[in-house]
Engineer: 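This is the structure, below, for whatever I ask next.
Everything quoted here is computed from the prediction, not taken from an experiment. For the single chain, residues carry numbers from 1 onward in sequence order. Remember, it's 1-based here, ligands and their atoms both numbered in the order they're listed.
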Amino acid sequence: MTDLGIVLDLSGSPSGPTIAEIARATERAGLDVIVVPTPAEDGLDGWTVATWVAAATARIAVGLSRTRPVMPQPTGAAIPIPAVAEKARESLDLLVGPRLLEKGWTEAPADAGPDQVRALAKDGHTVVVPVTSVADVERVAGLLPDRPRSTRGAAARARRRPGIDYDNVPASLADTAVEPGDPRYRSVRSTYMRGGSPGLVLRPRTADQVADALAFAREHRDLPLGIRSAGHGLSGRSTNDGGLIIDVGGIDSVEVLDVERRLVRAGPGATWKQVATAIAPHGWAISSGDHGGVGVGGLATAGGIGLLGRAHGLTIDHVRAVEMVLADGTQVRASAEENSDLFWAVRGAGANFGIATAFELEVDEVAEVGWAQLTFVSEDVEASLLAYARAQTQSPRDTTVFLVTGSPQRGQSVIQLYGMVESADPDTIIERLNAFVPVGQLAQQQVVLTTYASVMSTAADVGPDGHHGAGEPVGRSGFLPELTPEFARDAAAALRGGRLRWFQLRAMGGAIADVAPQETAFSHRDPDFQVTGLGAFHAEMDEVWQPLEAHMEGLYLSFDTAPGPGRVERAFPPPVLDRLRDLKSRYDADGLFRDNFPLAPGARA
Ligand SMILES: Cc1cc2nc3c(=O)[nH]c(=O)nc-3n(C[C@H](O)[C@H](O)[C@H](O)COP(=O)(O)OP(=O)(O)OC[C@H]3O[C@@H](n4cnc5c(N)ncnc54)[C@H](O)[C@@H]3O)c2cc1C
């Protein structure tokens, strides 16, 4: 392909209308680039002209040879301010799309003929020719009338990341793939919790397309590879810097397969809010997580400790079959009868084995539920934790209540309890919740009789602009067999220390513990609670978490983001880890799936 464009002549500071007229003529003539040259010290400012040109046009790339703004100083020296330039660049992206081109063109003389331009354009160089009028533009446009064109403009191509064979994206994915220079990039680069700058986002819509995406990923084995469903991952890197993302968010249908068996098929890109809404008319629900925006793909491959967990178990306990595309592109179905070892592994360690493209779920009959949000204040967080644990462990399994708190402020902790009582009887709901009154001084309460779907639906929809997470979550997790006075003491000390910013206890027990540990790769079935902490820095959190971890066993992958070795070994007990690693050798020996606590194929615990 050959890109051709013009360089504006800014000597003599032409008027705004003249520049706009030339810019529009350049775009009309089908040229690719308008370069704004470095102006003279006393001439027009390059950024302002570039913005003016971009606003006057719709598609064409705008080349700016000096992208750093220059601030005149009393001494006459020029000081570039990178932060201002970055803001200007981002603002221009937002206003007119990613059309700014900062380098990568060759300037031909104003009177260059076709042969000279063709020679300069050799090896894919963008060639620009200086112009002073609309007539000049028309002459330039006539220089190479039959030049080969690319589907992406010069500005988009300039933002491509190294090491990716962009021109050989599989045909089935080329139309929907998103590159850093595409207008849609902003909506796919980040996730709910993380900011990212992937080099290419592939968006398959079918299992065959997932296989195509994996073939491309195998060709790019050295680049980071993220698998994304609904982008709510903390542990998995479903975004990255400069790597590939296979985003199956578009595979999001939810359909009822069998009313008698309450069998539902859900795509990985569906959110739990979508699932809940689709099955609610049948009087059904499935315990998922506490946030309706979380995706089926990430949660149903990890566990799913949700608001009906004590009544109905983990989400993975409802999975009856999974359709997956393996690292080599093979499409398989895993269930108790077919590929049963894979079926075992997927329910707790799924991210290591393939890309799930559909789940068959046996959901529950769930009528109305009591949905409670209670806020307490407490001057003794240690006593409050114990009171909560006592109430929760003594509750019948129809009651699942989670606790969230943070660092006490001026000696006072704000403790939020939220949860569900699976009952349509107001008296039963009140009776269950009364058990939690000793947690502290009740400051606010909201208890409603509603449906599971309406609770899930409080999660905001992700709009066309996608997620806007920034930074990197710092999370630690563990399973707590029993909330002892010693744990309450250490947790209170950690909270008072101020570095544990967010602390959560998720109630387990009940139906979660009904499933034998060996039935799924998620084997921590007996603990009373799952504990999560969020902080600001990994080193700080390691220190904070160490005394708490002494009371815990294992960890829940979904909430842990600790870098470094040892976490996988902690997540899975030795026999489980050995079996998972053997299966990893069988299904993904080259370790293609490694964005989420990778298992070393074949290693022994
Ligand atoms: C606000 C919030 C609330 C949450 N509440 C709960 C809760 O109550 N209970 C609970 O158990 N968890 C909860 N989680 C954790 C959540 O279950 C996990 O983070 C889950 O991985 C998110 O799934 P996703 O598809 O949205 O994420 P994504 O970011 O799309 O994916 C996360 C990771 O999952 C893997 N993955 C994603 N899709 C697939 C696929 N199709 N096939 C194979 N692997 C895949 C990949 O490794 C990926 O990096 C919560 C998370 C958030 C942000």
Engineer: Suppose I only count heavy atoms of Gly354 and a 4.0 Å limit; which atoms of ligand 1 are within that range?
Structural biologist: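 Selected atoms, number and element: 42 (N), 43 (C).
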Engineer: Ignoring hydrogens and geometry beyond distance, is a side-chain donor-acceptor pair present between Gln504 and Arg506 at under 3.5 Å?
Structural biologist: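 Side chains of Gln504 and Arg506: pair found under 3.5 Å.
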Engineer: Pairs of nitrogen or oxygen atoms closer than 3.5 Å, one from His232 and one from ligand 1: do any exist?
Structural biologist: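 Yes, His232 has an N/O under 3.5 Å of an N/O on ligand 1.
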Engineer: Within ligand 1, which atoms have a heavy atom of Leu299 less than 4.0 Å away?
Structural biologist: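 Once the distances to Leu299 are compared, the set is 10 (C), 11 (O), 12 (N), 17 (O), 20 (C), 23 (O).
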Engineer: Thr191 near ligand 1, heavy-atom distance under 4.0 Å?
Structural biologist: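 Outside the 4.0 Å threshold, so no.
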Engineer: Run the numbers for me: atoms of ligand 1, each under 4.0 Å from some heavy atom of Ile227, listed by number.
Structural biologist: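 Contacts of ligand 1 toward Ile227, numbered from 1: 31 (O), 37 (C), 39 (C), 46 (C), 48 (C), 49 (O).
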Engineer: Write out the residue and atom name of the closest protein heavy atom to atom 8 (O) of ligand 1, then the distance separating them to 0.1 Å.
Structural biologist: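 Looking at atom 8 (O) of ligand 1, the protein heavy atom closest to it is Arg506 NH1, 2.3 Å.
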Engineer: Do Ser172 and Asp212 have side-chain atoms, one donor and one acceptor, less than 3.5 Å apart?
Structural biologist: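 Checked: Ser172/Asp212 side chains pair up, N/O donor to acceptor below 3.5 Å.
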Engineer: What atoms of ligand 1 come closer than 4.0 angstrom to any heavy atom of Arg228?
Structural biologist: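 This gives 30 (O) as the contact atoms.
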Engineer: Just checking, any donor-acceptor pair under 3.5 angstrom between side chains of Thr277 and Gln274?
Structural biologist: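 No, no side-chain donor-acceptor contact under 3.5 Å.
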Engineer: Could you tell me the residue and atom name of the protein heavy atom closest to atom 28 (P) of ligand 1, and the distance to it rounded to 0.1 Å?
Structural biologist: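 Ranked first by proximity to atom 28 (P) of ligand 1 is Gly231 N, 3.4 Å.
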Engineer: Do the side-chain N and O atoms of Ser187 and Asp465 include a donor-acceptor pair separated by under 3.5 angstrom?
Structural biologist: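 No.
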Engineer: Are the aromatic ring centres of Phe343 and Phe353 under 6.0 angstrom apart?
Structural biologist: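 So the answer is no for these two rings.
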Engineer: Any N/O of Ser288 closer than 3.5 Å to an N/O of ligand 1?
Structural biologist: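 No.
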Engineer: How far is atom 25 (O) of ligand 1 from its nearest protein heavy atom, and which residue and atom is that?
Structural biologist: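 Atom 25 (O) of ligand 1 sits closest to the protein heavy atom Gly298 N, 3.0 Å.
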Engineer: Report the part of Arg237 (side chain from C-beta onward, or backbone N, CA, C, O) that has a heavy atom under 4.0 Å from ligand 1; answer both or neither where that applies.
Structural biologist: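 Answer for Arg237: backbone.
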Engineer: State whether a side-chain donor-acceptor pair under 3.5 Å links Thr206 with Asp208.
Structural biologist: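 Side-chain D/A pair, Thr206 to Asp208: absent.
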Engineer: Distance to 0.1 Å, residue and atom name: give those for the protein heavy atom nearest to atom 42 (N) of ligand 1.
Structural biologist: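 For this ligand atom, the closest protein heavy atom is Ala356 N, 2.9 Å.
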Engineer: May I ask whether Gln530 places a heavy atom under 4.0 Å from ligand 1?
Structural biologist: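 No; Gln530 lies far enough from ligand 1 that no heavy-atom distance drops under 4.0 Å.
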Engineer: For atom 10 (C) of ligand 1, which candidate among Phe597, Phe522, Tyr556, Phe402 provides the closest heavy atom?
Structural biologist: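 Minimum heavy-atom distance to atom 10 (C) of ligand 1 goes to Tyr556.
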Engineer: Which bit of Asp595 is near ligand 1, meaning a heavy atom under 4.0 Å away: side chain, backbone, both or neither?
Structural biologist: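 Within the 4.0 Å criterion, Asp595 contacts ligand 1 through side-chain atoms alone.
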Engineer: Quick test: of every protein heavy atom, which one is nearest to atom 44 (N) of ligand 1, and how far off is it to 0.1 Å?
Structural biologist: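 Result: Ala351 CA, 3.7 Å.
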Engineer: Angle between ring planes, Phe522 versus Tyr556, binned at 30° and 60°: parallel, tilted or perpendicular?
Structural biologist: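 Geometry flag for Tyr556 against Phe522: perpendicular rings.
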Engineer: Indicate the ring-plane relationship of Tyr192 and His291, choosing parallel, tilted or perpendicular according to the 30° and 60° boundaries.
Structural biologist: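 Tyr192 and His291: tilted rings.
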Engineer: Would Phe593 count as a contact residue for ligand 1, given that I'm defining contact as a non-hydrogen atom of the residue lying under 4.0 Å from a ligand atom?
Structural biologist: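 Checking ligand 1 against Phe593, which is what was asked, there is no heavy-atom contact under 4.0 Å.
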Engineer: Can you find a non-hydrogen atom of Phe559 under 4.0 Å from ligand 1?
Structural biologist: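 True for this residue.
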Engineer: Considering only heavy atoms, does Pro268 approach ligand 1 within less than 4.0 Å through its side chain, its backbone, both, or neither?
Structural biologist: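 For Pro268, the contact with ligand 1 is made by the side chain alone.
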Engineer: Angle class for the His282/Trp284 ring planes (parallel below 30°, perpendicular above 60°, tilted otherwise)?
Structural biologist: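 Ring orientation of His282 relative to Trp284: parallel.
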Engineer: Note the single closest protein heavy atom to atom 3 (C) of ligand 1, along with its residue, its atom name and the distance in Å.
Structural biologist: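 Closest protein heavy atom to atom 3 (C) of ligand 1: Asp290 OD1, 3.4 Å.
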Engineer: Tell me yes or no: between the side chains of Asp582 and Tyr587, is some donor less than 3.5 Å from an acceptor?
Structural biologist: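 Short answer, no.
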Engineer: Taking N or O atoms only and a 3.5 Å limit, does Val296 qualify as a polar contact for ligand 1?
Structural biologist: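 No.
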Engineer: For atom 30 (O) of ligand 1, which of Ser229, Ala302, Gly475 has the closest heavy atom?
Structural biologist: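 Residue with the shortest heavy-atom distance to the ligand atom: Ser229.
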Engineer: Could you go through the side-chain hydrogen bond (donor to acceptor under 3.5 Å, both in side chains) check for Thr375 and Gln373 one step at a time?
Structural biologist: CA-CA 7 Å; Thr375 306; Gln373 292 168 282; over 6 Å; no
Engineer: When you check the side-chain N and O atoms of Ser457 and Tyr452, is any donor under 3.5 Å from an acceptor?
Structural biologist: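 Looking only at side-chain atoms, Tyr452 and Ser457 do not form any donor-acceptor pair under 3.5 Å.
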Engineer: Starting from atom 18 (C) of ligand 1, find the nearest protein heavy-atom neighbour and note its residue, name and distance.
Structural biologist: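 Nearest protein contact, heavy atoms only, for atom 18 (C) of ligand 1 is Ser558 OG, 3.8 Å.
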Engineer: Just by distance, no angles: are the side chains of Arg194 and Ser238 close enough, under 3.5 Å, to form a donor-acceptor pair?
Structural biologist: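 Judged by distance alone, the side chains do not pair up.
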Engineer: Within the structure, does Gly233 bring an N/O atom to less than 3.5 angstrom of an N/O atom in ligand 1?
Structural biologist: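 N/O-N/O distance below 3.5 Å exists for this pair.
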Engineer: Judged by modelled atom types alone, do Glu422 and His312 share a side-chain donor-acceptor pair under 3.5 Å?
Structural biologist: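 The answer is yes; a qualifying pair exists.
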Engineer: I'd like to know whether ligand 1 has Gly226 as a neighbour, heavy-atom separation below 4.0 Å.
Structural biologist: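 Judged by the 4.0 Å heavy-atom criterion, Gly226 does not count as contacting ligand 1.
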Engineer: Please assess Ser335 against Glu338 for the test side-chain hydrogen bond (donor to acceptor under 3.5 Å, both in side chains), listing each intermediate value before the final yes or no.
Structural biologist: CA-CA 5 Å; Ser335 67; Glu338 307 143 274; 2.9 Å; yes
Engineer: At less than 4.0 angstrom from any non-hydrogen atom of Gly295, what atoms of ligand 1 do you find?
Structural biologist: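 Within the 4.0 Å cut-off of Gly295, ligand 1 contributes 23 (O), 24 (P), 25 (O), 26 (O).
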Engineer: Within the structure, is a non-hydrogen atom of Gly303 found at a distance of less than 4.0 Å from ligand 1?
Structural biologist: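 It does not, in that no heavy atom of Gly303 comes within the 4.0 Å cut-off of ligand 1.
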Engineer: Closer than 4.0 Å to some heavy atom of Gly304 - which atoms of ligand 1 meet that?
Structural biologist: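 Counting atoms of ligand 1 from 1, those under 4.0 Å from Gly304 are 11 (O).
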Engineer: Can you pull out the closest protein heavy atom to atom 9 (N) of ligand 1? Residue, atom name and distance to 0.1 Å, please.
Structural biologist: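 For this ligand atom, the closest protein heavy atom is Ile305 O, 2.9 Å.
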Engineer: Arg189 versus Val178: any side-chain heavy-atom pair under 4.5 Å?
Structural biologist: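 The answer is no; the side chains never approach within 4.5 Å.
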Engineer: For the backbone of Leu592 and the side chain of Asp588, can you confirm whether one donor and one acceptor N or O come within less than 3.5 Å of each other?
Structural biologist: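 Yes, because the side chain of Asp588 sits within donor-acceptor range (under 3.5 Å) of the backbone of Leu592.
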